[in-house]
Student: 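Here you go, one structure.
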Amino acid sequence: MTRVRFHSGDQLPLEMHKVRIVQKLILPPVERRLEAVTEAGNNTFLLQNAEVFLDMLTDSGTNAMSDRQQAAMLMADDSYAGSATYTRLVTVLKDIFGMDYFLPVHQGRAAEHILSQVLVTEGSVVPMNFHFTTTKAHIVLRGGAVEELLTPAGLEVTSTEPFKGNIDIPALRKLAAERGTAGIPFVRVELGTNLIGGQPVSLANIREVREVCDEFGLLLVADASLLADNLWFIKTREAEFADASLRDITRLIADQCDILYFSARKVGCVRGGGICIRSQELHDRMRPLVPLYEGFLTYGGMSVREMEAMAVGLEETMDLDMVSQGPQFIRYMVDELDRRGVPVITPAGGLGCHVDAMRFLDHVPQEQYPAGALASAAFIAGGIRGMERGTLSEQREPDGTERLAQMELLRLALPRRVFTLSQVRYAIDRMDWLYQNRHLVGGLRFVEEPDVLRFFYGRLAPVSDWQEQLVAAFRRDFGDSL
Ligand SMILES: *Cc1c(COP(=O)(O)O)cnc(C)c1O
C-alpha cells in the first residue's frame, strides 16, 4: 500500500516531504513528569506543552503547514469586508466541493452551533454514524437528541472490517419511518468517525444514506473534518475507486450531501472552519448567525492569513502524497503495537493510534476512568501526551449517574507531517513497556468536576500511590536515562 517499496521488503512508511523548519523538544526526567501530570490534575489537556515531549493530544490545529501555505499567508488581503482572500478561498471551495454557497466560521464546532441553532428543535432526533463531543453538546443544548446508527462492526475493537464508520442502513430507514421528516432535522455522516478511532465511511454507504434521505425527504449533512484520511481509505480499501483521483472521490461524496461542514484545524492544516451549502434557502437561514457569533461574512472569525493558507491546504488535500502520510504512519504504529500484543483498535484508522484501555487496564473499573488513567501513565512513562476518549469524555446522566462509554480509548494522535518515524518508534517502545507493567497502573477519581465538557478542564487524582510505583519501576528498568 506504501507507494514506494523497499528492496529489503521492509514495510516502512516513507515521507514524501522534507523538513525545513524544526522546533526543539525537551523530555523532562520521569520524576518531573509525575509532578507535571499531578499539577495538571491528571488531565492531559491541562499539561504545559513546554514539558511535553510528544504532543499526541490531537490533530486539531497542530498539523504541519507546507511551504506553499506559509508563502500564501503573506499574500493575504486584510480588508474587513469583501477581502480578496475570501474570494480566493470560496473559488477553491466551490471547485472542490461543487456547492454554490459557503459560510465561514472560526472552527468546526462553530459550524455545529449554527447548524443546530437553525435546524435542531426541541424533541428532534439527529441520526448519525457516531457522535462527536462538540456536535452532540450543540444538539443537546437545543433540546434535540443524537441517535447513533453504526453497523455492529463499528464498535468491535478488533476487526478486519474496512469501513467501521458506516451507517446501518436498515436501522436508519426504520428510524426515519418511525420519526418522519418532521422529527429528523438532518442525517449526519461523520467522515473518518473520530471517537471510534478515526474509522472511515465508504462511498457506497454514503450513497445508500442518500437514498434513504431521498425516500423520506431528509437533509444529509457531512462532517468532513477528517476528510483527508477518509479519502485515502476510500481510494485504498474500496475497489470501485482504486483508480479515481482524490478530487473525483471528494466530489462524489459532496454530490450526495446538502451541507458539508468542516474543521479546517484538521482538513486544510490551518485554524478555521466552514459550511458549504447546496441550497440558497438553507444558506439564507444560517447566514444571519455568522456576523452575530463569528465575524463578518467574509472572514467568519478567521484570520485572513489562515484563510489564505486554507485555500492552499484544501488544494493540497487533493494530493495523494499529502493525504497518505497520516494513515501510513498510523498503520505502522498500530501494526507494531498489535504485533507486541498491546491492545489497539484495528484496522488502523485515521487521526491517530487508538489504544484499547478497557483491555490494557482490565483491572481498572470503568468508574475509575481506565482511559484517563492510561493517558496519565503514558505521560509519566514517556512524556507522551495523549487524549482520553472514554467515560471521562462523556457527560453524566441528568440524575448524576455515570454514563459508561462503549469504548475506553487512549488516543495517540499523529498530527500530519509532524513526527519522524523514530519518534513514533519511541512512542511504541514506551507503550510496550507500559503494557508489560500494566498491573502497576491504577484508576483515577474526580476532585473537580465541571458540569459541561468535563474532560477539558476537570481535575483528577489517583486512587492509590500507583504513580509513585510506576516511577520506581521506570528507574529500575531505565536507570538514569530520560
Ligand atoms: C475536531 C472535530 C470537530 C470540531 O472541530 P473544532 O475545530 O475542534 O471545533 C467536529 N467534528 C469532527 C469529526 C472533528 O474531528
Side-chain angles (χ1 to χ4, degrees), residues 45 55-63 103-117 120 126 128-141 146 148 150 154 164-167 186-201 206 220-231 233 253 257 259-276 289-290 293-295 300-303 306-307 309-310 313-314 317 326-327 330 349-352 354 386-389 393 409 411-416 452-453 455-457:
F45 277 100
D55 187 7
M56 297 184 162
L57 185 75
T58 175
D59 63 335
S60 175
T62 55
N63 299 300
L103 293 171
V105 292
H106 79 279
Q107 65 183 94
R109 70 199 66 183
E112 293 168 339
H113 172 216
I114 290 175
L115 275 169
S116 300
Q117 282 247 351
V120 177
V126 183
M128 58 184 70
N129 40 355
F130 206 70
H131 79 282
F132 183 70
T133 49
T134 54
T135 326
K136 183 170 172 179
H138 279 296
I139 291 170
V140 170
L141 212 56
V146 159
E148 289 165 343
L150 279 178
K164 283 162 73 175
N166 279 356
I167 286 193
F186 57 90
V187 178
R188 174 176 173 275
V189 176
E190 187 179 307
L191 300 167
T193 325
N194 190 324
L195 295 192
I196 61 160
Q199 295 293 324
V201 182
I206 299 170
L220 178 52
V221 175
D223 178 342
S225 304
L226 302 178
L227 174 71
D229 300 332
N230 208 118
L231 288 176
F233 292 121
I253 294 170
C257 304
I259 293 173
L260 181 147
Y261 75 89
F262 57 89
S263 165
R265 297 177 65 85
K266 285 86 178 250
V267 68
C269 303
V270 289
R271 284 135 294 246
I275 314 174
C276 302
L289 300 186
V290 175
Y293 291 111
E294 300 299 304
M302 286 183 274
S303 116
E306 299 282 340
M307 277 163 44
M310 190 201 296
L314 289 170
T317 302
I330 292 162
L351 204 167
H354 294 74
M387 189 192 290
E388 191 273 0
R389 293 275 83 152
S393 296
L409 303 180
R411 178 177 88 189
L412 300 173
L414 293 187
R416 296 165 189 86
V452 179
L453 297 177
F455 62 91
F456 275 136
Y457 54 102

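Both counts, for ligands and for their atoms, begin at 1 and track the order of listing.
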Student: Report, in ascending order of atom number, the atoms of ligand 1 lying under 4.0 Å from any heavy atom of Asn194.
Tutor: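 Here the atoms of ligand 1 in question are 14 (C), 15 (O).
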
Student: State whether a side-chain donor-acceptor pair under 3.5 Å links Asn194 with Arg389.
Tutor: no

Student: Check ligand 1 against Arg109 and write out every atom of the ligand that is under 4.0 Å from a heavy-atom position of the residue.
Tutor: 4 (C), 5 (O), 6 (P), 8 (O), 9 (O)

Student: Do Thr135 and Glu112 get their side chains close enough for a donor-acceptor pair, meaning under 3.5 Å?
Tutor: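 Yes - a donor-acceptor pair under 3.5 Å links their side chains.
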
Student: Honestly, is Arg188 close enough over Phe130, meaning NZ or CZ under 6.0 Å from the six-membered ring centre and within 45° of the axis?
Tutor: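 No - Arg188 does not lie over the ring of Phe130 by the 6.0 Å and 45° rule.
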
Student: For atom 6 (P) of ligand 1, what is the closest protein heavy atom, and at what distance to 0.1 Å?
Tutor: Gln107 NE2, 3.3 Å

Student: Check the pair Ser60, Arg265 against side-chain hydrogen bond (donor to acceptor under 3.5 Å, both in side chains), reporting the backbone distance first and the verdict last.
Tutor: CA-CA 5 Å; Ser60 175; Arg265 297 177 65 85; 2.7 Å; yes

Student: Please list, in number order, the atoms of ligand 1 under 4.0 Å from a heavy atom of Glu112.
Tutor: 10 (C), 11 (N)

Student: Number the atoms of ligand 1 from 1 as they appear, then name those within less than 4.0 Å of a heavy atom of Arg265, with their elements.
Tutor: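 That gives atoms 7 (O) of ligand 1.
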
Student: Evaluate Glu190 for polar contact with ligand 1, using N/O atom pairs at a separation under 3.5 Å.
Tutor: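 N/O-N/O distance below 3.5 Å does not exist for this pair.
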
Student: Numbering the atoms of ligand 1 from 1, which are under 4.0 Å from a heavy atom of Asp223?
Tutor: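 Matching atoms, with element in brackets: 10 (C), 11 (N), 12 (C), 13 (C).
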
Student: Is the shortest distance from a Lys or Arg side-chain nitrogen in Arg416 or Asp229 to a carboxylate oxygen in the other one below 4.0 Å?
Tutor: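 Yes.
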
Student: Where is the nearest protein heavy atom to atom 3 (C) of ligand 1: which residue, which atom, and how far?
Tutor: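 Going atom by atom, the protein heavy atom closest to atom 3 (C) of ligand 1 ends up being Phe132 CE2, 3.4 Å.
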
Student: Report yes if some N/O of Ser263 lies less than 3.5 Å from some N/O of ligand 1; otherwise report no.
Tutor: yes

Student: Under a 3.5 Å cutoff, is there a donor and acceptor pairing between the side chains of Glu294 and His106?
Tutor: yes

Student: Just which atoms of ligand 1 are under 4.0 Å from any heavy atom in Lys266?
Tutor: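 Under 4.0 Å from Lys266, ligand 1 has these atoms: 1 (C), 2 (C), 3 (C), 14 (C), 15 (O).
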
Student: How are the rings of His113 and Tyr293 set to each other: parallel, tilted or perpendicular (split at 30° and 60°)?
Tutor: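 Plane angle over 60°, so perpendicular.
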
Student: Quick check on contacts: which atoms of ligand 1 are under 4.0 angstrom from a heavy atom of Gly108?
Tutor: 5 (O), 6 (P), 7 (O), 9 (O)

Student: I'd like to know whether the aromatic ring centres of Phe45 and Phe455 sit less than 6.0 Å apart in this structure.
Tutor: yes

